[in-house]
Structure formats: C-alpha cells, structure tokens
Amino acid sequence: DLIVFLYENQLLRHDRYPRIKLVGANLNGLSFIKSPSQPCTFPSLYLPGISAANLVFDHCSLAKAMFDGASMPNARFHNC
C-alpha cells in the first residue's frame with residue numbers, strides 16, 4: 001500500500017522533514033487493520049486536507065496523528 005510505504009519512509013509524518021502533502025488526495029474506502037503482518041502503528045501520521053470517505057482504522061495506534069481540514073465522512077476508528 002502506497003500510504004504505508006510513504007509513512008514507513010518517514011514522508012507522511014508531521015515530525016519529520018521532508019514530508020509529502022497529500023492535500024486533496026482521494027483516499028476513500030481505504031482500510032488500515034492491525035494484523036500479524038501489518039502492525040498498524042502510525043504515530044505522528046500527517047494527512048491534512050485528504051478526502052477519505054469510509055476510511056477505516058482498526059486496532060491502530062495513531063498517537064499525535066494530524067487530519068486537519070480533512071473530509072472524512074463515515075470514517076471509523078475502532079479500538080485506536
């Protein structure tokens with residue numbers, strides 16, 4: 001998944017530079033679900049201004065995540 005790749009390479013963190021801004025990006029319907037192969041740990045995630053209807057974070061760590069100005073109707077955060 002591209003978002004995970006960018007995050008793991010520290011390009012989608014508000015506490016690191018350089019960072020990529022995905023303002024206006026369509027992330028509708030994406031799901032991030034903790035599994036043995038995907039820990040779903042995203043401290044300082046930086047996704048301001050995204051469009052993310054029906055986005056799902058399930059059992060994820062999102063400490064200090066930033067979603068300022070994002071449009072996320074029906075987004076679900078389960079056990080985060």
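Hydrogens, waters and symmetry mates play no part in the numbers below; they use all other heavy atoms, side chains included.
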Q.
Could you work out, with side-chain contact (heavy atoms from CB on, under 4.5 Å) as the rule, every residue matching Ser71, not counting sequence neighbours?
A. Pro73

(Q) Could you work out, with side-chain contact (heavy atoms from CB on, under 4.5 Å) as the rule, every residue matching Ala52, not counting sequence neighbours? (A) Leu27, Ile50, Leu55, Met72

Q: Using side-chain contact (heavy atoms from CB on, under 4.5 Å) as the criterion, list what pairs up with Ser37, not counting sequence neighbours.
A: Ser35

(Q) With a 4.5 Å cut-off on side-chain heavy atoms, are Val56 and Leu30 touching? (A) no

Q. Which pairs pass disulfide bond (SG atoms under 2.5 Å apart) with one or both residues in residues 39-73, sequence neighbours excluded?
A. Cys40-Cys60

(Q) Walk me through whether Leu62 and Thr41 qualify under side chain to side chain contact (heavy atoms under 4.5 Å, CB included). (A) CA-CA 7 Å; Leu62 298 169; Thr41 303; over 6 Å; no

**Q.** Residues clustering with Tyr17 (ILVMFWY side chains joined when closer than 4.5 Å, directly or via others)
**A.** none

(Q) Applying side-chain contact (heavy atoms from CB on, under 4.5 Å), can you list everything that pairs with Asn28, at least two apart in sequence or on another chain? (A) Asn26, Ser51, Ala53

Q. What residues form a ring-ring contact (aromatic ring centres under 6.0 Å, His included) with Phe57, not counting sequence neighbours?
A. Phe32, Phe77

Q | Listed partners of His59 passing side chain to side chain donor-acceptor pair (under 3.5 Å), at least two apart | A | Asn79

**Q.** salt bridge (Lys or Arg N to Asp or Glu O under 4.0 Å) contacts touching residues 51-69 (sequence neighbours left out)
**A.** none

Q) Using links of under 4.5 Å between side-chain heavy atoms of ILVMFWY residues, direct or through other members, which residues join Met66 in one cluster? A) Tyr46

Q: Just grab all the salt bridge (Lys or Arg N to Asp or Glu O under 4.0 Å) pairs involving residues 11-26, residues at least two apart or on different chains.
A: Arg13-Asp15

